[in-house]
Amino acid sequence: MLLENQNIKSTIVRKCYFIKERIVFPEVFKEPGSAKTPEQEEKFALIVNKETSAEDVSEKIPEIIVEKQNRISISPQSTETDTRLVKQEQKLEGLVSRIKLLFTSEEKKIITDISLVDTVFAIPTFEPSAVNTNLLLKKKKKDAEQSNRGLKLTGQYIYNENTGLIEDEDTVSYKWRGYLGLEWDILRDGLRQHQSKKKQLENELKIEKIIADKKIRYEMYPFYRNEIICLFNREKKKVLHKKIELLSKYEEIIKNLYFVSIVQKENVQNIQKEIWRAKSMLEGYEEYEKNLPPEMLDRIKQIDANLLPSFGIKIKEIQQTIENPVLRKEIILLQKSILSEKYDADYNIRFAPFLRYYFGRTDTGRKNVNDYFSLGFYFNVPLPITEEKTDSVQKAEEKYLETLYDRNTKDILHDVINTYYEYVYNIDDLIRFLYQKQTILEQMRKQLVKFDMKDESFSVPELISSSIQYFNTEFEILHIKQLLYLNLAFIVKYIPEVNISKFIFPVSIEKDIEMYAKLRTGERSVYVWSQGFNKFDNGLIYWFLKTKSAKNALVSFGKNTDKEKLKEFLDLAGNSFEVEALIGDNDLLKRKDKLTAIISELNNYKFTGIHLDIEPYTLSDWQANSAQYLQMYLDVLQVLKKNLYLRNRTLTVSVPIFYSEDFLKKIFPLVDKVYVMAYGTKNPETVARWIKKAVEIDKSRVIVALRCKDFENEMDLENFITEVKNQTGISSFAIHSLTEYIEIGGSYETQSKTVIY
C-alpha cells in the first residue's frame, strides 16, 4: 500500500491521509494490536466516528467512559471494515493515477494561423439574404424602366341620355361617341421621366452593390453569434464531461467513506454540488444546440474551436475602413446624382402629342358621318416653375444626405470602439485566467510529485480541489475566447471585406504566459550520466527534474549504470517526462555487434528513445581518419533508424559546434532532434553564431546544450538561456549534467523537499 513506507499500517489512518483529515494520535495511542485502556479506546472511537480531533476529545473523556461495556470499537484489525477501506484506498490511488494521466498528457498545440478566422466568418450560402433579394428587385425595376418609352394607348366612350347638349368644342350634339388614340407624354410621366427614373435606379443599384458586402455582414450577425456560441459550447461540453466523469468517481468513493464516518457530509455535498452544476449547464447547452438549424450544425462540425487562435484587433485599420473617404465620396456623388434626376424630372410641365380616331352617333339618327382622325398635343406649365422644387431645396436635401451618412458612420465607430473596449477587457480576463491555469497546474504538479514520492503531506482532497479549479478555469478560458470572437463578430458586421483576417493579427498569449508562468525559459532536457545517477536517490532525481520543469532526461545506459535502480527510476518517471537512453560509447563506430546487443537489452527497459553521444573527434587518430570516422558515425545512425526498436521511439544526437554544414545536412534526416553542444562561452552572440548552420537546416529540431560549469550559479545560467532565446528564437535547451546542475542550483530542492511548497 501507498503508506507502508511511512510505517502506517492502519487502513483507516491511510484513508485519513488521503482525505486530508488525518488523525493526530497522542503518544498514549499504541500501534494496532497493542492493548488500550478504556480511555484510549474511547478517544479512538470518538476521533474516528465523530470526526473530532484528539485534543478536543481529551476534555470530554471522563463524562463519556461511564458504563459503556457493550460499545462497538472500530479496530484496524476488523477484517470486514479493513477490506472495504482497502478497496476504497485502491480506488483513490487509481483516481489519482487517472488525474496524473489527465493532466500530464501532451499539451495541445497553440495555433496562431489567423486564416482560420475567415472560415468562421465565411458567408453561409444556405442563409436567406434580404440584401441579395433587394439587389435583384432593383435590377428588375431598372430593366423594366429600360423599355418604358412613355407611349400610351388611350380611349374614351360617352353615352348621352339626353341629347341637345354641346360638349367641349363640338358643335354637334351626340347620342354616344368615343375615340381610340396614341398619346406620347414626352415630359411628365413619359419618356423624359422614365429615362430619369432609369438613371436613378441605376445609381441606386450601384450604391447597393457598393455596400452589399457590409449589409450582408450586418444581416448575418445573428448567424455568426449563434455559430460562435455553439462552436465554443461544444468545447465547454467536453470540459464538463471530464469534470463530471472525474467527480462522479470521486463521489462514489467518498460516499462510502462517509458511511463509515471518515468523511464529513458537507465534503460529499460539495462534490455533489459541483457535479449537478456541471450537469445542469451541460443540459442547457444540449437544449440550446437542439434549436439551431441543421445546416448550421453541419457547418460547425467542420470547425474545431481548439484550432481558433487568440488574436489582436487592428483597430486603426478598422476605423479607416469604416470611415473610408473614397467610398464616402463615391456614395455621396451617386446620391446627389439621384437627387439631380429627381428634381429635374419632377416639374409639372406637360407636353403630350396625340393621335386619335373619333367615332359616334348624332341625335338625328343619321349615319355616323362624323367619324374622323385628329392630331394635337397637350401642354401646361405651372407658374411659377420653381415654386416648390428650387435649387435651395435640392442643396438642403443633399446636405441632409451627407449629414445622415456621416452620422451613421460616427455611430458605427462609437459601437466599434465600445466593442473594442470590451475586447481589451476580455483580453485582460484571458491573461488572468491563463496565469491562474498555470498556477493551478503547478499546484497539481506538486501534489502529483508528492504522490509519486509517497510524501505524507499528499492530499487527495487538495488534488481534487485543484482539479475542480482547473476544470472551472479551462471553462472560463473557453468562455472568454467565446466572448472575444463575439466581440469580433459585432465589429465584423460593419466591415465590408471578405477576408476578416486582414484586420486581426496572431497573438501568442497562451504560449507566452505558459512560458512566463514556468519562469524557466523554453523546454528543458538534462544529461544524467551513470556516476550522478548512481549517487543520487531515484526520488531525489525525480523531484529535482520535476522542480526544474524538465521535459526530457537523457539517462546513461553505460556499463557502470545501476540497472536495477534504472528500472525503478523508469517506473517512477512513468508519463511525467520522457527518458531516453544516453549512449556515449565510441566503440560502437567499429563494433556493430555491440550496438545490436545494446538495442536488444534496451527492450527490457521503458525508455522513450535513444540519445547518441558518440564523439569520434576525441579519438587519438581523429586528425588522420576524420572522414572515415564520420562515415562510420552516419552508418551507426542509419542502422539505428532502420531498427524496429525505434519505430515508436525517438532518436536524438549530440554534436559539436565544428561539424560542417554538409555533414549536418546528412545527420538531420536520420534523427528527430540535434543537440548542439555550445560549451565554453558566456556570450549569447557566440552561441548564435555556433548554432547558425544547424538552425538554417531545421530550426525546429535544434536543441542548445549548455554546460553548468561554465556559469557561476543557476541565476547566471537562467539569464544566459533567456538571452540566447531572445537572440536565436530557440526555445529548447539541454543542461549538462545532473551532478553539475545540482551543484549550482539544487541545494534548495535536495536539502528539504518541502521548502519549495
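Here the structure is a predicted model, which means the values were calculated and not measured.
- Taken to the nearest 0.5 Å, the OG atom of Ser97 stands 10.5 Å off from the CG atom of Leu92.
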Report task. Start with the C-alpha gap between Ser466 and Gln447, add the side-chain angles, then the distance that decides, and say whether side-chain hydrogen bond (donor to acceptor under 3.5 Å, both in side chains) holds. Result -> CA-CA 9 Å; Ser466 295; Gln447 283 292 333; over 6 Å; no
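- Across all non-hydrogen atoms, the minimal contact from Ile123 to Arg299 is C-NH1, 4.1 Å.
- Between the side chains of Tyr420 and Asn487, no donor N or O sits under 3.5 Å from an acceptor N or O.
- Taking each heavy atom of Phe433 and Thr473 in turn, the nearest pair found is O-CG2, 3.3 Å.
- Nearest heavy-atom pair, Lys725 versus Ile730, reported as atom, atom and distance to 0.1 Å: CG-O, 3.2 Å.
- Between Lys236 and Glu474 there is no salt bridge, since none of the side-chain N atoms of the basic residue sits less than 4.0 Å from a carboxylate O of the acidic one.
- A donor and an acceptor atom, one from each side chain of Thr608 and Glu580, are nowhere located under 3.5 Å apart.
- Salt bridge annotation for Arg407-Asp411: present, with a cationic side-chain nitrogen under 4.0 angstrom from a carboxylate oxygen.
- Inter-residue side-chain proximity for Ile504 and Val117 is flagged as met; some heavy-atom pair is nearer than 4.5 Å.
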Report task. For Lys214 and Ile495, run side-chain contact (heavy atoms from CB on, under 4.5 Å): C-alpha distance rounded to whole Å, both residues' side-chain angles, the deciding distance at 0.1 Å, then the answer. Result -> CA-CA 6 Å; Lys214 184 170 71 174; Ile495 300 176; over 6 Å; no
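- Between the side chain of Asn418 and the backbone N or O of Asp415, no donor-acceptor pair lies under 3.5 Å.
- When the shell of 6.0 Å around CG of Asp571 is examined, it contains more than 12 heavy atoms from other residues, nucleotides or ligands.
- With contacts defined as side-chain heavy-atom distances shorter than 4.5 Å, the pair Thr728/Val695 does not qualify.
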Report task. Using the side-chain hydrogen bond (donor to acceptor under 3.5 Å, both in side chains) rule, take Asn499 and Ser501 through it: C-alpha gap first, then chi angles, then the decisive distance, then the call. Result -> CA-CA 5 Å; Asn499 297 323; Ser501 56; 5.4 Å; no
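- More than 12 heavy atoms of other residues, nucleotides or ligands shown are found within 6.0 angstrom of NZ on Lys314.
- There is no side-chain donor-acceptor pair under 3.5 Å between Ser732 and Tyr675.
- By the 6.0 Å contact criterion, OH on Tyr425 is open, its count of non-hydrogen atoms from other residues, nucleotides or ligands being 12 or less.
- Classification of Glu245 and Lys242 as a salt-bridged pair fails, no side-chain N sitting under 4.0 Å from a carboxylate O.
- Using a cut-off of 4.0 Å between Lys/Arg side-chain N and Asp/Glu carboxylate O, Glu714 and Lys548 are scored as salt-bridged.
- Ile464 places a side-chain heavy atom less than 4.5 Å from the side chain of Leu95.
- Tyr285 does not carry Lys237 over the face of its six-membered ring by the limits of under 6.0 Å from the centre and within 45° of the normal.
- With a 6.0 Å cutoff to the six-membered ring centre and a 45° limit on the axis angle, Lys551 does not count as a cation-pi contact of Phe577.
- The main-chain N or O of Ile500 is found under 3.5 Å from a side-chain atom of Asp118 such that the two form a donor-acceptor pair.
- Residues Asp213 and Pro496 come closest through the heavy atom pair CB-O, 3.1 Å.
- Two rings, from Tyr485 and Tyr224, have their centers 6.0 Å or more apart.
- The only option from Gln482, Lys238, Glu289 that meets the side-chain hydrogen bond (donor to acceptor under 3.5 Å, both in side chains) definition with Asn233 turns out to be Gln482.
- Panel note: side chain Arg432, backbone Ile427; no donor-acceptor pair is recorded below 3.5 Å.
- Closest non-hydrogen pair, Glu219 versus Ala130, comes out as OE1-N, 3.2 Å.
- Within a 6.0 Å sphere centred on OH of Tyr221, other residues, nucleotides and ligands contribute more than 12 heavy atoms.
- Note: Phe490 and Tyr494 have perpendicular aromatic rings, judged against thresholds of 30 and 60 degrees for the angle between ring planes.
- Here the straight-line distance linking atom CG of Leu738 with atom CG of Leu545 works out to 6.5 Å at 0.5 Å rounding.
- Residues Ile229 and Leu486 have side chains in contact (heavy-atom distance under 4.5 Å, counting atoms from C-beta outward).
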Query raised in the report: Between Leu717 and Ile721, does a side-chain contact (heavy atoms from CB on, under 4.5 Å) hold up when you go through it step by step?
Result: CA-CA 6 Å; Leu717 171 64; Ile721 287 174; 4.1 Å; yes
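- Heavy-atom minimum distance, Ser549 versus Arg524: O-CB, 4.2 Å.
- Side chains of Leu706 and Val704 form a contact here, defined as non-hydrogen atoms less than 4.5 Å apart.
- In this structure, Ser310 OG and Ile477 CD1 are separated by 9.5 Å, a value rounded to the nearest 0.5 Å.
- Salt-bridge check for Lys249 with Glu252: failed, with every basic side-chain N at 4.0 Å or more from each acidic carboxylate O.
- Separating the NZ atom in Lys273 from the CG atom in Leu247 is a distance of 11.5 Å, to the nearest 0.5 Å.
- To the nearest 0.5 Å, atom OH of residue Tyr423 and atom CG of residue Asn426 are 9.5 Å apart.
- The shortest distance between side-chain heavy atoms of Phe505 and Pro309 does not fall below 4.5 Å.
- Within the model, atoms CG of Leu483 and CG of Leu488 stand 12.5 Å from one another, a figure rounded to the nearest 0.5 Å.
- Relative to the ring axis of Phe471, Lys243 does not place its NZ or CZ within 45° and under 6.0 Å from the centre.
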Report task. Could you please spell out the steps behind the side-chain contact (heavy atoms from CB on, under 4.5 Å) verdict for Arg234 and Leu297? Result -> CA-CA 11 Å; Arg234 290 197 166 189; Leu297 296 176; 3.9 Å; yes
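- A donor atom on one side chain and an acceptor atom on the other are not found under 3.5 Å apart for Asn552 and Glu523.
- Between Lys255 and Gln272, the closest side-chain pair of non-hydrogen atoms falls below 4.5 Å.
- For the pair Tyr250/Leu246, no side-chain contact is recorded, criterion being any heavy-atom separation below 4.5 Å from C-beta on.
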